[in-house]
Asks: 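Have a look at this one.
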Amino acid sequence: MITMLLILISTYPWPMRPFDSAHGVSATLGDARGSVADPRFHRGIDIPATNGTDVFSITSTDSAIAPIGYDYVRVGDYYYDHLTNRIDEGDSVTGILDTTTTSPTQIGDVMDYGTPGPAGDHLHFQVGPAGGPFENPLSHDDGPVGYDDTGAPSISSVDFWRQGSEEATAQQLDSILDGKVDIRARCQDTQTSGGVNNTSGIHKLEWLVTDTTGSDTLTIAQTITFPQVQPPNNGDSVLLVYDRHNYTTYSPFYYWATNPIVNDQVEDRYWNTKRQEGEPDSVDADSIEVAKFKDGYYWVKIYAYDISDRADSESVYVHVDNFSPKVKIAYPTDHYHHIEKYEK
């Protein structure tokens, strides 16, 4: 009994039996949902379960929220969706955390989705007030008890696009880059919680540029990370994270690595390969002498992390080419002109 109490202080139980053992997770907070016409962020986690599986509330209430015509039950800041045989609106609920001698109140059953794969039968579980922000259930109160994911993220591709390719018109670039560039990475995480492999979106994505030795970092890491959603809000913000031209609602996802989440808002940024040294990223250099990235070769490095900071990385060798050669000094003589050119 003492051991169980210690566990529940730092974690919380799963909303289905067994309450104190790991279950699978097939999607996590921040994954893409909806469609390009109506894009949205996933507000919680999906817990795969056979239809008809009993679902219980973690906490108690005198009056549950279970409106007619919907499939969810809300008890405080905990939300349980895709339920059938739900309790009635206003029913009292005894939660898992508040009972030791009696059974907690069953609030519904996992409904039959009738769809195999990532969209198959599952409980959607989220944490946060009705209007958000919605917290990542895998980090809330140190996560559900026994969560034991040991899988690692993976990056399957990295490519480069003309800045603004998040919009309707996209232009892919080859390995020779100039001007303002968007970087895209295709990534997924492997979830092994509950002893079953599932895939989900990643928790964090970083990018940076180094010199050809890989030792001298020339940019600060720009980061997408999902501690919560709404904010970041649904709509255009989603399409700054997920590529509209390859929009999908299950992993692997195509992420715009160059658009970071800053103070829970997605910012539309880019890598300015023509940036002037010592100036903001929006300021172009007018010559190679004052450019932060001299014309030449660089490594672009992408890092994908899960919530436990396990990571995968991918390095791409690129050629930056912004400036044409120009004559700097000419030395005329009686017999010939000796010309010094700026060599790139």
Side-chain angles (χ1 to χ4, degrees), residues 30 32 36-37 39 41 155-187 202 204-211 217-226 232-248 252-288 290-304 313-324 344:
V36 171
F41 291 117
I155 303 170
S156 55
S157 67
V158 175
D159 44 33
F160 303 90
W161 300 74
R162 180 64 61 213
Q163 190 267 329
S165 289
E166 306 97 332
E167 303 299 329
T169 302
Q171 179 185 353
Q172 187 170 4
L173 305 173
D174 57 22
S175 59
I176 301 177
L177 308 178
D178 66 284
K180 298 177 176 66
V181 174
D182 287 331
I183 304 173
R184 191 185 69 168
R186 189 171 188 246
C187 312
I202 58 174
K204 183 170 66 174
L205 186 68
E206 292 181 346
W207 71 277
L208 55 86
V209 179
T210 73
D211 63 13
T217 300
L218 304 175
T219 66
I220 300 172
Q222 306 288 306
T223 304
I224 296 172
T225 187
F226 284 109
N233 293 313
N234 293 336
D236 290 343
S237 294
V238 181
L239 299 179
L240 290 175
V241 174
Y242 297 101
D243 178 18
R244 69 166 66 223
H245 307 285
N246 293 273
Y247 198 83
T248 178
F253 298 109
Y254 284 92
Y255 295 88
W256 290 114
T258 32
N259 294 334
I261 297 177
V262 180
N263 297 326
D264 298 316
Q265 301 294 335
V266 187
E267 296 192 356
D268 186 1
R269 295 190 189 173
Y270 44 80
W271 174 27
N272 187 0
T273 68
K274 200 177 181 180
R275 175 182 176 182
Q276 181 169 327
E277 183 72 60
E279 294 294 332
D281 204 37
S282 58
V283 178
D284 289 347
D286 58 11
S287 69
I288 196 170
V290 295
K292 179 176 178 65
F293 303 97
K294 315 298 186 187
D295 284 3
Y297 292 90
Y298 298 88
W299 285 106
V300 174
K301 296 189 175 183
I302 305 292
Y303 296 88
S313 64
E314 186 73 21
S315 296
V316 182
Y317 198 54
V318 299
H319 182 194
V320 170
D321 188 9
N322 283 299
F323 301 95
S324 299
K344 293 172 62 173

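Only a predicted model underlies this, so the values are computations on that prediction, with no experimental measurement involved.
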Asks: Are any of the side-chain heavy atoms of K301 and S313 separated by less than 4.5 Å?
Replies: no
Asks: Measure from NZ or CZ of K294 to the centre of the six-membered ring of F323, then state whether that distance is under 6.0 Å and the direction lies within 45° of the axis.
Replies: no
Asks: What closest approach, in Å, do A257 and I302 show between heavy atoms, and which atom pair accounts for it?
Replies: CB-CD1, 4.3 Å
Asks: Using the benzene-type ring in the case of Trp, are the ring centres of Y242 and Y254 under 6.0 Å apart?
Replies: no
Asks: Using atom types as modelled and distance alone, determine if a side-chain donor or acceptor of K292 lies under 3.5 Å from a backbone N or O of L218.
Replies: yes
Asks: Check V238 against Y247 and note the closest heavy-atom contact, atom names and distance.
Replies: CG1-OH, 3.5 Å
Asks: Would a distance-only check, ignoring hydrogens and angles, find a side-chain to backbone donor-acceptor pair under 3.5 Å from D264 to P232?
Replies: no
Asks: Between D284 and Q276, which heavy-atom pair has the shortest distance, and what is it?
Replies: O-OE1, 3.6 Å
Asks: Give a yes or no on whether the backbone of W271 and the side-chain of T258 come within a donor-acceptor separation of less than 3.5 Å.
Replies: no
Asks: Looking only at atom types and distance, does a side-chain atom of H245 sit under 3.5 Å from a main-chain N or O of E166, one as donor and one as acceptor?
Replies: no
Asks: Which atoms form the tightest heavy-atom contact between L205 and Y255, and what is the distance?
Replies: CD2-CB, 3.6 Å
Asks: Going by the rule side chain to side chain donor-acceptor pair (under 3.5 Å), which residues pair with D243 if we only count those two or more places apart in sequence or in a different chain?
Replies: R184, N246
Asks: Suppose we call two aromatic rings close when their centres sit under 6.0 Å apart. Are W207 and Y303 close by that rule?
Replies: no
Asks: Mind jotting down which residue pairs meet the side-chain hydrogen bond (donor to acceptor under 3.5 Å, both in side chains) criterion with at least one end in residues 168-177? Sequence neighbours excluded, please.
Replies: none
Asks: F293 vs Y298 aromatic rings, parallel, tilted or perpendicular, using cut-offs 30° and 60°?
Replies: perpendicular
Asks: Any salt bridge between D281 and K180, counting N to O under 4.0 Å?
Replies: no
Asks: Side chains of V241 and F226: closer than 4.5 Å at any heavy-atom pair?
Replies: yes
Asks: Judged by atom type as modelled, is there a donor-acceptor pair below 3.5 Å linking the side chain of T219 to the main-chain atoms of V209?
Replies: yes
Asks: For the side-chain hydrogen bond (donor to acceptor under 3.5 Å, both in side chains) test, which of D321, N322, D178 pairs with T273?
Replies: N322
Asks: Quick one: CD on E267 to CD on Q222, what's the gap to the nearest 0.5 Å?
Replies: 9.0 Å
